[in-house]
Amino acid sequence: MTGWLGPLLVERAIRLCWLAPLAAVGLFILVSNAPVDPIEAYVGARTALIGPEQREAIAAAWGLDQPATTRFVLWVRNVASGDFGDSILYNAPVVTVIMDRFPASLLLVSLAWLLSFVIGTGLGIVAAMTPGSRVDRAIRAYAVVLTSSPGFWVAIILISIFAVGLKMLPSCCALPPGTTTAEATFWAQGRHLILPVVALSVTGIAPLVLHTRARMIGFLESPPAQHLTAHGASQRAIAFGAGLRHALGPALTVHLAGAGELFGGSILAETVFAWPGLGQATVRAATGGDAPLLMGIALATLLFVFVGNMLADIAARLVDPRLRWDKSR
Amino acid sequence: MTDATLLLETASARTNPRRTARRRATFAFSLLLSIVVAAAALPESWLSVDPFARRLAPGLLHPFGTDLLGRDVAARTLTALSNSISIGIMAALASTTVAVALSLAATLNPWLDRLVGILTELTLGLPHFVLILMIAYAFGGGWTGVVIGVAFTHWPRLSRVLRLEAQTVAQSDYVAISAALGRSRLWIAQHHLAPHLVPQIIAGFVLIFPHAILHEAGLSFIGLGIEPHIPSIGVMLAESLRAVMSGLWWVAVFPGLGLVIVALSFEFLGESLRQVSNPTEGVA
């Protein structure tokens, strides 16, 4: 039954074995060529207080006086033993910083993922039931408008309406000011999630709507659907009954493969809402010249995208058994 | 009656996509041109800080209002959009060139094909925005960083389409017959390959443009893009957060809306160009 899963996992493991090192080399070249002086980034405002000898001492301690290739070999050796270096800004190991902040981002991304899945497929199915109608055209136009709207702008508009205008929802952070996770009630935490999740879900809706719509139209025109219609089933019953599996399977695949993009969007959403997640750390690392943290985050997102794609492939095979033994895919 | 509706349907199906594409192209390019011309014609003084006109709501003198420092939002939005457009065009040109070069290389040589495959896989391995961010960081941010970052990351989608199309045509019977009849490779490329690829390239170029300007805005928003002293939608929106908190909604609404309209006009144009160039493809 699951004999197809093993070969798939092995194939993916092999792919990761060449993808991750190549990506690491590419990212290392990018980061080490940045015209950011790591010592300058480290000392920050105290730059006038340290002399050239101290700079040399820091450079020697960090191995900055070594050529790039030597530094790369050192970095790889450390990474192989689980040490991704220390973040300059957070003054803590990169792995700790990422692990501390990943849960908050994962919560945001997965809720936004779920919300856009429900909205996207729902609208797609409704549009497919009456292709060419006013409803269908409105939904498709809505999807295209969403693709052309920057998510962070939508976020600011949401703040302007619901936080400033109506004063219904908080505009910032994950918790009420001055409280800790233990103190805040479930509802207080939930309230802080609403706006960020809605803003972030915008990113994923459009492709889902168009994909689900195309799949569902394909099914509604197929002989099985015609057969059901001939027996008196209504369009809605077919679409939400037998058609659901035909449309949801591929939609799930598309949406899982797009989960990585949601993570990209969360960088902007977290900046708007001051959400204490990985996206915020990414922005701080990039603007503050924190090269080790940036490297760590980039590799972590690579893994995130990879897992998303793999889950997408597994989901596709679970839903459509024909794909399981298809070598061409 | 059924015959008449059938006739009507085929007639509209044949003419509509082309007419829609032409209408959308006229709209998109006149919008583009009027923004660039208006921004260039704008007097410098309209962009300056006016301490006596701070926090004004939209009105006759300032159609989009003024911000916390008393700068006219309409004038800044126009200049910013014009900057976005030039970055978008540069990015679309660069990414289209890369896509064409890589897909041609991939069609010519199986070794290069594998290499291009690996490069594509690497580029798609990171979330698109994270990759742009890393490249912009490597070039020190600013105008240079954002242009390079946005320009060299938008090619994979188009290069995949082109590679598939080129390989399908190259393996087709009529190309084999053409070659057997003694036509040179150049003649085949000109007469069989180009007519298939050129419309795809144009549609791809137009579709890259809106993505590029949206990514540029995002990068400027987090402070890694265009320098803050040059008007850009991203920087304006980043600065607008404080104003929005004190109820100045217009500081955020209009710049973003301008960006959405520009992006939208090209998204629509690109979609209809794709439909025109590929009649077998469904609407989605």
Side-chain angles (χ1 to χ4, degrees), chain A residues 15 18-20 22-23 26-27 29-36 131 140 144-145 147-154 156-157 159-161 163-165 171 209-211 213-215 217-218 260-265 267-268 271-272 282-283 285-287 289 291 294 297-298 301-302 304-306, chain B residues 118-119 121-141 145 210-211 213-215 217-219 221-224 233-234 237-238 240-241 243-253 255-257 259-268 271 282-284:
Chain A
R15 183 182 296 197
W18 60 260
L19 187 68
L22 271 181
L27 290 169
I29 293 172
L30 281 180
V31 167
S32 59
N33 275 341
V36 179
R140 269 188 297 155
V144 182
V145 170
T147 6
S148 310
S149 309
F152 61 98
W153 177 65
V154 176
I156 296 174
I157 302 299
I159 287 183
S160 176
I161 298 173
V164 181
S171 65
V209 170
L210 300 178
H211 194 84
R213 181 183 170 277
R215 278 292 175 144
I217 288 180
E261 287 312 307
L262 267 184
F263 188 85
I267 294 180
L268 292 163
T271 309
V272 176
T282 315
V283 174
T287 47
L294 207 53
I297 291 177
T301 55
L302 181 88
F304 189 79
V305 171
F306 186 82
Chain B
I118 291 175
L119 202 60
E121 196 93 353
L122 273 178
T123 313
L124 296 175
L126 285 179
H128 197 156
F129 192 67
V130 174
L131 181 64
I132 295 178
L133 192 146
M134 296 301 286
I135 294 177
Y137 175 80
F139 289 91
H211 287 241
I213 62 170
L214 290 179
H215 280 131
L219 209 56
F221 180 75
I222 61 168
L224 211 66
I233 300 291
L237 288 176
S240 81
L241 260 176
V244 164
M245 291 301 179
S246 49
L248 279 65
W249 52 267
W250 55 87
V251 180
V253 168
L257 205 60
L259 193 68
V260 171
I261 291 171
V262 171
L264 205 56
S265 63
F266 277 83
E267 191 78 39
F268 274 127
E271 278 309 314
V283 185

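Just so it is clear: chains get the letters A, B, ... in the order the sequence lines come, proteins before strands, and each one is counted from 1.
Residues Leu133(B) and Leu294(A) approach most closely at CD2-CD1, 4.2 Å, considering heavy atoms. Counting all heavy atoms, side chain and backbone alike, Leu268(A) lies closest to Phe221(B) at CD2-CD2, 3.8 Å. Closest of all the heavy-atom pairs between Leu259(B) and Leu214(B) is CD2-CD2, 3.9 Å. Taking every heavy atom of both residues into account, Met134(B) and Ala298(A) meet most closely at CE-CB, 3.9 Å. Across all non-hydrogen atoms, the minimal contact from Pro127(B) to Glu261(A) is CA-OE2, 3.6 Å.
With respect to chain A, the highest number of heavy-atom pairs below 4.5 Å among Ile132(B), Ile233(B), Leu122(B), Leu248(B) belongs to Leu122(B). Ranked by heavy-atom pairs under 4.5 Å with chain B, the first of Ser160(A), Ser149(A), Pro35(A) is Pro35(A). For the set Gly125(B), Ala263(B), Ser246(B), Gly145(B), the count of heavy-atom pairs under 4.5 angstrom toward chain A peaks at Gly125(B). Chosen from Ala286(A), Ala20(A), Gly260(A), the residue pairing most often with chain B at heavy-atom distances under 4.5 Å is Ala286(A). No other option in Phe304(A), Trp153(A), Phe263(A) has as many heavy-atom pairs under 4.5 Å with chain B as Trp153(A).
Using a 4.5 Å heavy-atom threshold, the side chains of Phe152(A) and Thr271(A) count as separate. In this structure, the side chains of Trp249(B) and Ile159(A) stay at 4.5 Å or more apart for every pair of heavy atoms.
Val272(A) touches chain B through backbone and side chain together, each having a heavy atom under 4.5 Å away. Looking at Glu121(B), the atoms closer than 4.5 Å to chain A (heavy atoms on both sides) sit in the backbone and in the side chain alike. Neither the backbone nor the side chain of Ile261(B) has a heavy atom closer than 4.5 Å to any heavy atom of chain A. Proximity to chain B (any heavy atom under 4.5 Å) is shown, for Ala163(A), by neither the backbone nor the side chain. In this structure, chain A has heavy atoms under 4.5 Å from both the backbone and the side chain of Leu126(B). Leu302(A) touches chain B through backbone and side chain together, each having a heavy atom under 4.5 Å away.
Taking CD1 of Ile267(A) as the reference point, atom CG of Leu262(A) lies at 12.0 Å (rounded to 0.5 Å).
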